[in-house]
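Data block below; observations after.
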Protein chains: 2
Amino acid sequence: MSNKKVPESTISRLFLYLREITELAKINIKTISSSELGDRTNLGDAQVRKDLGYFGQFGVTGAGYSIADLKKSLEKILGKDKKWNVALIGTGHLGTALLAYSGFGRHELDIVAAFDADAKKIGKKFGDITVRPISELEKLTKEKNITLSIIAVPAAEAQGVAETIIKAGIECILNFAPVSLNVPEGVKVRNVDFSRELEILSYFAANKGNGRETLK
Amino acid sequence: MSNKKVPESTISRLFLYLREITELAKINIKTISSSELGDRTNLGDAQVRKDLGYFGQFGVTGAGYSIADLKKSLEKILGKDKKWNVALIGTGHLGTALLAYSGFGRHELDIVAAFDADAKKIGKKFGDITVRPISELEKLTKEKNITLSIIAVPAAEAQGVAETIIKAGIECILNFAPVSLNVPEGVKVRNVDFSRELEILSYFAANKGNGRETLK
DNA sequence: CGAAGTCTGTGAAAAATATCACAAAGTATC
DNA sequence: GATACTTTGTGATATTTTTCACAGACTTCG
C-alpha cells in the first residue's frame with residue numbers, strides 16, 4: 001500500500017468499481033480481472049489496478065480479484081460499513097425528488113431530516129420525515145448525529161444556507177444550487193449542477209464536426 | 001488564440017465565468033479583472049486568463065475585461081446564441097423535477113418532449129408537454145430538431161434507452177442513471193450521479209482527521 | 001505628458017493524473 | 001511437475017492540467 005496522496009478521481013472511481021462488483025456478486029460471479037472490470041466501467045485495466053493499489057493488494061496474480069473480498073474491502077475503505085445521516089435543505093421540486101429517490105437508501109446514506117425556509121412548507125410530511133424550519137437545523141444535527149447535508153434551494157439563498165449548515169457543525173455539503181459556494185478551510189463541498197452539465201453538452205453539440213469533437 | 005486542445009474542464013469553467021458576469025451585468029458593473037473573477041469563482045486569476053486564452057484575447061491590459069463584451073464572446077463560444085432542443089426520457093420523480101426546473105429555460109435549453117416506457121404515464125401533461133411512448137422518440141427528434149437528451153430512467157433500463165436515443169440520431173446524452181453507459185465513438189455522454197457524489201462526501205466524512213482531509 | 005501603478009497574455013515550471021510495460025507470481029493443463 | 005498462460009502490482013514514462021512569473025501594454029493621476 002502506497003503512502004501517496006489519493007486523487008479524488010480515484011475515490012470516485014472506486015465507487016464505480018464497487019457498484020459494478022455488487023451487481024456481479026448478485027448474479028453469483030466469484031472473481032473478476034482488472035481488464036474485465038476496466039471494460040465494464042470503460043476505464044481500462046491499468047486504471048483499475050492503479051486505483052486499487054493506493055489502498056493495498058487485493059488481487060491474486062494470474063487469477064484476478066475475489067469479488068466477495070474486494071467488495072468487503074472497498075466498502076470498508078469507502079466508509080460504507082457505517083451509516084451516514086443526511087440533512088436536506090430545500091423541499092421544492094428537486095428536494096422532494098431527492099427525498100423520494102430510492103438510490104440513497106441502498107447506500108447507507110439516509111436523509112433523516114428536511115428543512116425549508118418557506119413557512120407554508122413547514123410540517124409537511126414525506127414518508128416519515130416532517131419538514132422543519134431551518135432554525136432547527138443545529139438542534140437536529142446534534143440530536144440525529146447528522147454529518148452530511150444537501151442544499152436544494154434557489155441560487156440566491158444557497159450561500160446563506162451553507163453558512164447555517166456550517167454553523168450547525170456539518171462539514172460536508174452536496175450543493176445543487178448553481179453558485180460557487182464560499183466555505184472555510186476544512187469544509188468539503190461537492191457541486192451537482194444539471195444546467196451546467198447540459199450546457200456543456202450543448203457546447204459539444206455546437207462544435208460537432210469543426211474539429212473539436214475529439215475534445216476529451 | 002492558441003490552437004491547442006481545449007480541456008473539458010476549461011469549458012466547464014467558462015460557463016461558471018459566464019454565469020458570474022451575467023449576474024454582474026444585471027447590477028450594471030462594467031468591467032472585471034481576472035483576479036476578481038477568479039476570486040468570485042474560487043478558481044484563481046491565472047486559471048481565468050488561461051481558460052479565456054484558449055479562445056482569444058478578450059481583455060484590456062491594465063483595465064481587465066469589459067463585462068458586456070466578454071459576456072457576448074462567451075455566449076458565442078459556448079453556443080448560447082443558439083437554441084437547443086432537449087428530449088427527456090423518464091418521467092418519474094427526477095424526470096418531473098427536471099421538467100419543472102426553471103434553470104433550463106433561462107439557458108436556451110428547452111425540454112421540448114418527454115417520453116416514458118410506462119403505459120400509464122403516456123398522455124400525462126406537464127405544462128405544455130405531453131408524455132409520449134419511447135417508440136415515438138425517433139419521429140419527434142426529426143420533427144422538433146432535438147439534439148440533446150436526458151436519461152432519467154432506472155439504472156436497469158438506461159443502456160437500452162441510450163441505444164434508442166442514439167438510433168434516433170441524438171449524439172449528446174445527459175445520464176442521471178447510476179450506470180456506465182456504453183456508447184459508440186462520437187456520442188458524448190455526461191453523467192450526473194447524486195448518490196455517488198453523496199457517497200464521495202461520506203468518504204471524506206469517514207476520513208476526517210486521519211490525514212486524508214487535505215485530499216484534493 | 002511622464003511616472004507609477006494595474007492587469008493581461010503566455011511561455012516555462014510544477015504538479016497531478018493516466019498509461020505503459022514488464023517482472024514476478026500465480027493458475028491451468030497435460 | 002514442467003510448460004504455457006494469465007494477471008497482478010508498480011516503477012517508469014507520457015500526458016494533461018494547473019500554477020507561476022514576468023514582459024509588455026494600457027490606465028490613471030498629478
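Chain A is the first sequence line, chain B the second, and so forth, proteins listed ahead of strands; every chain is numbered from 1. Heavy-atom basis, side chains included; hydrogens, waters and symmetry copies ignored. Please read all numbers here as calculations on a predicted model, not as lab measurements.
- In terms of phosphate contacts, A:K5 brings a side-chain nitrogen or oxygen within less than 4.0 Å of OP1 or OP2 of C:dA16.
- When the side-chain nitrogen and oxygen atoms of A:Y54 are compared with OP1 and OP2 of C:dA18, none of them lie within a distance under 4.0 Å.
- For the pair B:L70 CG and C:dT8 P, the computed distance is 11 Å after rounding to whole Å.
- Atom OH of A:Y17 and atom P of D:dT8 are 12 Å apart (whole Å).
- The side chain of A:T61 sits closest to D:dT7 out of D:dT10, D:dT7, C:dT17.
- Mapping A:T10 and A:G62 onto DNA chain C by nearest heavy atom places A:T10 closer to the 5' end of the strand.
- Residues meeting the salt bridge (charged side-chain N to carboxylate O under 4.0 Å, His left out) test with A:D51, sequence neighbours left out: A:R13.
- Interface residues of residues 28-47 of chain B facing DNA chain C, ordered by number: B:S33, B:S34; criterion, heavy-atom separation under 4.0 Å.
- In terms of the side-chain hydrogen bond (donor to acceptor under 3.5 Å, both in side chains) criterion, residue partners of A:E23 (sequence neighbours excluded) are, by chain and number, A:K26.
- The six-membered or imidazole ring of A:F194 lies near that of B:F176, with a centre-to-centre distance under 6.0 Å.
- The side chain of A:R49 places no N or O atom within less than 4.0 Å of a non-bridging phosphate oxygen (OP1 or OP2) of C:dT19.
- Atoms CG (B:L52) and P (C:dT8) sit 9 Å apart, rounded to a whole Å.
- For A:E138, the salt bridge (charged side-chain N to carboxylate O under 4.0 Å, His left out) partners are A:K142, not counting sequence neighbours.
- Residue B:D51 contributes atom CG, which lies 14 Å from atom C1' of C:dT8 at whole-angstrom precision.
- Separating the CZ atom of A:F55 from the C1' atom of D:dG9 is a distance of 16 Å, rounded to the nearest angstrom.
- Under a 3.5 Å cut-off, the side chain of A:D110 and the backbone N or O of A:V112 do not form any donor-acceptor pair.
- Across all strands shown, B:S9 has heavy atoms under 4.0 Å from sugar-phosphate atoms exclusively, and none from any base.
- Looking at the side chain of B:R13, the nearest of the listed nucleotides D:dT18, C:dG9, C:dG26 is D:dT18.
- For A:E75, the salt bridge (charged side-chain N to carboxylate O under 4.0 Å, His left out) partners are A:K71, not counting sequence neighbours.
- Among residue pairs with one or both ends in residues 167-180 of chain B, those qualifying as side chain to side chain donor-acceptor pair (under 3.5 Å) are B:N175-B:N191; sequence neighbours excluded.
- Here the nucleotide nearest the side chain of B:K50, chosen from C:dA18, D:dT10, D:dT19, is D:dT19.
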